[in-house]
Amino acid sequence: MDFSGPSALKINEQSVFLNVPFDPEYSSLFIALIAGLTALGRKPHCVLEVPSDGRNRLERIFGLIASCGASIHDLSRVGLSGELKVPRFNMPFELGITYALSQITSHGFFVLEEKAFRLQVSLSDLNGHDPHIHDGTQTGVLRCVLDCFGTPAKAPSLSVLETLTKRLAKTALRLQKGHKTEGPFHPFLFQQIEWAAANLARRQGLI
Amino acid sequence: MTKHIAPPATFEQISQSLGLAPEEMEFLDGVIEKVLKEEEEEEEALKPGKGREGATFEAKKESKS
């Protein structure tokens, strides 16, 4: 992949790649991330945009991350999951890819955690990069988004972002019911939720 | 990592990048309208003299007369 010269990959500075767990418990935090980022004029992206059975999946994931100006990596899920009770390596793996990318491009990355001081144990190689702690709450996630992307002069208040998140959560729930799905982690739904977030943000005069 | 600063995208830019069909955007706009209307009704119901307590009071008044 070319990072310089005329054929260089086009990087969208407003795009933010979300490397987060896709499980029911994370749904509300995922909605908060989309709401908060969109309110700040950012465009969230995630692997839902990459077909799971497509060829060259890893290459396409890398391409997607590389096309984003920044990324968020939530490493809260450190336990065993699924029927096989195995840890999920995708998120730390994608963080590793991103770290390498940040060494050769201007890509900025932020690490989120639910609990303070846990990352020092689960991923000690990252010591020196303080994670943003969200306590597993939507308000916590919004605070993290403001810390990472908010500009002091223009950033909306936390309560304004909470209102947007509440509205987006209700909208997402209606869309999920319509599509007969239990969570927002579907490609088409992700797109619709993003558009709804932008629409709601515009109605609140944020973008 | 310091803050990541970039000029914010507008609604039009975000909307265009998603590439949704006009009918789909219209549908989503309708869903949002419903959510906002519901919120407005909930807020209205919470105002003093309205909602369940208010309704009960009105009902009591009517039954007395």
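Bear in mind the structure is a predicted one, so any value in this text is a computation, not a measurement.
- Applying a 4.5 Å heavy-atom cutoff, the residues of residues 157-169 of chain A that approach chain B are A:Arg167.
- The backbone N or O of B:Phe11 sits nowhere less than 3.5 Å from a side-chain atom of B:Ser15 that would complete a donor-acceptor pair.
- For A:Ala201, no part sits under 4.5 Å from any heavy atom of chain B, backbone or side chain.
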Run the side-chain donor-acceptor check on residues 63-74 of chain A: report pairs under 3.5 Å with partners two or more places apart or on a different chain.
from, atom 1, to, atom 2, distance (Å)
A:Ser67, OG, A:Leu64, O, 2.7
A:Ser71, OG, A:His73, NE2, 2.8
A:Ser71, OG, A:His107, NE2, 2.7
A:His73, ND1, A:Asn19, ND2, 2.8
A:Asp74, OD1, A:Ser76, N, 3.0
A:Asp74, OD1, A:Ser76, OG, 2.4
A:Asp74, OD2, A:Tyr26, OH, 2.6
A:Asp74, OD2, A:His134, NE2, 2.8

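- Only the side chain of B:Leu20 comes within contact range of chain A, judged by heavy atoms closer than 4.5 Å.
- Side-chain atoms of B:Lys3 come within 3.5 Å of backbone N or O of A:Gly150 as a donor-acceptor pair.
- Residues passing the salt bridge (Lys or Arg N to Asp or Glu O under 4.0 Å) test with B:Glu33 are A:Arg203, sequence neighbours excluded.
- Within the 4.5 angstrom heavy-atom criterion, only side-chain atoms of A:Lys43, from C-beta onward, approach chain B.
- Of the possible polar contacts, none joining the A:Glu13 side chain to the B:Pro7 backbone as a donor-acceptor pair under 3.5 Å is found.
- Between B:Lys47 and B:Glu44 there is a salt bridge, with a side-chain nitrogen of the basic residue lying less than 4.0 Å from a carboxylate oxygen of the acidic one.
- For A:Leu37, no part lies near chain B; criterion is any non-hydrogen pair under 4.5 Å.
- Considering CG of A:Leu58 and CZ of A:Phe93, their distance stands at 5.0 Å, rounded to 0.5 Å.
- In this structure, A:Phe17 has no ring-ring contact (aromatic ring centres under 6.0 Å, His included) partners at least two apart in sequence or on a different chain.
- Residue contact with chain B, scored on non-hydrogen atoms closer than 4.5 Å, involves the backbone of A:Asp147 exclusively.
- Only the side chain of A:Arg202 comes within less than 4.5 Å of a heavy atom in chain B; its backbone stays farther off.
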- Test log, rule side chain to side chain contact (heavy atoms under 4.5 Å, CB included), inputs A:Arg174 and A:Lys170: CA-CA 6 Å; A:Arg174 276 177 180 264; A:Lys170 284 181 178 174; 6.0 Å; no

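- Using a 4.5 Å cut-off between heavy atoms, A:Leu206 does not touch chain B at all.
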